[in-house]
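The structure appears right after this line, and notes come after that.
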Amino acid sequence: MKQCIKIALIGLFLTLSISSCSERLSGKDESSFDSSRKKVEAKLNDKEKANLEKALRVALSEAMWLKMNEPQKYNEESINRISLGMIDGKSYGAVLDLADDILQKQQERKIAHLQNEIDSLQKHKTEFEQIKKELAVFQL
């Protein structure tokens, strides 16, 4: 049992040390982002590069949503600045994890919006049925 714990701890330590040495994206400004992205992409294959591009687009879409739906918080910031802030200091894997989290959050927002719409339509249906019953009294 103790041997398994030691092996697990050593594995965890090695994983953390390897991941901490990996290249990270810089979100300080556009030029530092471009240079850090090139460094990160230099270590990736074509599929991973495509996944990184998709993840960055997801972060950008979230930045657009935040800018539109939380204007008091992001009034002075551009969409690019918001998205760069999200990915600043993150590695390739962390950016993919961020994109997964964002997609999950977006899905939850869509579900909540659709549930509100269903509830509203259900209320209108109930009102319509009530009016229909009241009008049925006047029919021959």
Side-chain angles (χ1 to χ4, degrees):
M1 181 65 172
K2 288 184 178 182
Q3 187 70 9
C4 290
I5 293 173
K6 287 180 184 178
I7 291 172
L9 287 175
I10 291 171
L12 179 64
F13 175 74
L14 289 174
T15 303
L16 289 175
S17 63
I18 290 171
S19 66
S20 66
C21 295
S22 66
E23 293 291 334
R24 299 192 179 278
L25 294 168
S26 173
K28 294 177 184 172
D29 56 40
E30 294 280 337
S31 62
S32 63
F33 168 72
D34 291 337
S35 64
S36 65
R37 183 176 177 175
K38 287 177 185 175
K39 289 178 185 176
V40 169
E41 286 181 342
K43 297 180 179 183
L44 303 177
N45 62 36
D46 289 340
K47 185 177 179 182
E48 291 170 330
K49 288 178 187 177
N51 287 338
L52 178 63
E53 178 64 28
K54 290 175 191 175
L56 292 173
R57 289 176 188 254
V58 168
L60 187 62
S61 74
E62 181 69 5
M64 288 180 201
W65 187 90
L66 289 170
K67 179 75 173 175
M68 299 242 337
N69 293 289
E70 296 182 17
Q72 67 283 1
K73 187 174 180 182
Y74 297 101
N75 188 28
E76 300 295 321
E77 290 189 62
S78 69
I79 293 171
N80 281 342
R81 183 70 220 133
I82 297 168
S83 64
L84 288 175
M86 285 184 208
I87 60 165
D88 187 34
K90 293 193 174 11
S91 65
Y92 166 75
V95 172
L96 293 184
D97 290 343
L98 173 68
D100 285 341
D101 292 345
I102 290 170
L103 290 173
Q104 179 78 25
K105 196 184 319 178
Q106 288 175 347
Q107 192 69 16
E108 289 169 2
R109 286 193 299 247
K110 284 180 186 177
I111 290 169
H113 173 73
L114 291 173
Q115 188 61 49
N116 287 340
E117 192 171 325
I118 288 170
D119 292 346
S120 174
L121 291 172
Q122 190 66 36
K123 181 182 173 190
H124 288 314
K125 179 182 175 188
T126 304
E127 291 171 358
F128 175 75
E129 292 295 328
Q130 182 64 32
I131 292 171
K132 193 174 169 183
K133 285 179 184 178
E134 291 173 6
L135 289 175
V137 172
F138 296 110
Q139 290 181 345
L140 295 175

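- Here CD of Gln104 is found 7.5 Å from CD of Gln107. Values are rounded to the nearest 0.5 Å.
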After noting the C-alpha distance and the side-chain angles of Lys125 and Gln122, does the key distance pass the side chain to side chain contact (heavy atoms under 4.5 Å, CB included) rule?
CA-CA 5 Å; Lys125 179 182 175 188; Gln122 190 66 36; 4.2 Å; yes
Could you pull out all donor-acceptor pairs under 3.5 Å where a side-chain atom in residues 95-102 meets a protein atom, sequence neighbours excluded?
none

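- Between the CD atom in Gln130 and the CG atom in Leu135 there is a gap of 10.5 Å [rounded to 0.5 Å].
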Quick one, Arg81 with Leu84, criterion side chain to side chain contact (heavy atoms under 4.5 Å, CB included). Give me CA distance, side-chain angles, the key distance, then yes/no.
CA-CA 5 Å; Arg81 183 70 220 133; Leu84 288 175; 3.8 Å; yes
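- Remark: Lys54 pairs with Asn51 by the side-chain contact (heavy atoms from CB on, under 4.5 Å) rule, at least two apart or across chains.
- The CD1 atom of Ile118 sits 10.0 Å away from atom NE2 of His113, with the distance rounded to the nearest 0.5 Å.
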Between Leu66 and Lys73, does the side chain to side chain contact (heavy atoms under 4.5 Å, CB included) criterion hold? Intermediate values first, please.
CA-CA 9 Å; Leu66 289 170; Lys73 187 174 180 182; over 6 Å; no
Given the rule in the side chain to side chain donor-acceptor pair (under 3.5 Å) test, do Ser31 and Asp29 qualify, once you have shown the distances and angles that lead to the verdict?
CA-CA 6 Å; Ser31 62; Asp29 56 40; 3.0 Å; yes
Under the side chain to side chain donor-acceptor pair (under 3.5 Å) rule, what do Ser36 and Ser26 come out as? Steps first, then yes or no, please.
CA-CA 6 Å; Ser36 65; Ser26 173; 5.0 Å; no
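- With respect to Glu62 and Arg109, a salt bridge is recorded, a charged nitrogen being found less than 4.0 Å from a carboxylate O.
- Between Lys90 and Met86, the shortest heavy-atom contact is CE-O, 3.3 Å.
- Taking a 6.0 Å sphere around CD of Glu76, one finds it holds 12 or fewer heavy atoms contributed by other residues, nucleotides or ligands.
- Taking every heavy atom of both residues into account, Ile87 and Ala59 meet most closely at CG2-CB, 4.3 Å.
- Considering every non-hydrogen atom in both Lys43 and Glu23, the closest pair reads NZ-CG, 3.6 Å.
- Rounding to the nearest 0.5 Å gives a distance of 11.0 Å between CG of Leu56 and OG of Ser61.
- A 4.5 Å side-chain heavy-atom check between Phe33 and Asn80 finds every atom pair outside the cut-off.
- Hydrophobic clustering keeps Trp65 apart from Ile79 (ILVMFWY residues linked when any side-chain heavy atoms are closer than 4.5 Å, directly or through intermediates).
- Transitive grouping of hydrophobic side chains (ILVMFWY, heavy atoms separated by less than 4.5 Å) keeps Met64 and Leu103 in distinct clusters.
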Derivation of the side chain to side chain contact (heavy atoms under 4.5 Å, CB included) call for Arg24 and Val40
CA-CA 7 Å; Arg24 299 192 179 278; Val40 169; 6.0 Å; no
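- Glu48 places a side-chain N or O within 3.5 Å of a backbone atom of Asn45 that can act as its donor or acceptor partner.
- No side-chain heavy atom of Glu129 sits less than 4.5 Å from a side-chain heavy atom of Thr126.
- Between the Lys110 side chain and the Lys105 main chain, no donor and acceptor come within less than 3.5 Å of each other.
- The pair Arg57-Glu53 meets the salt-bridge criterion, since a charged nitrogen lies less than 4.0 angstrom from a carboxylate oxygen.
- Counting heavy atoms from C-beta outward, Glu108 and Ile111 have side chains that stay 4.5 Å or more apart.
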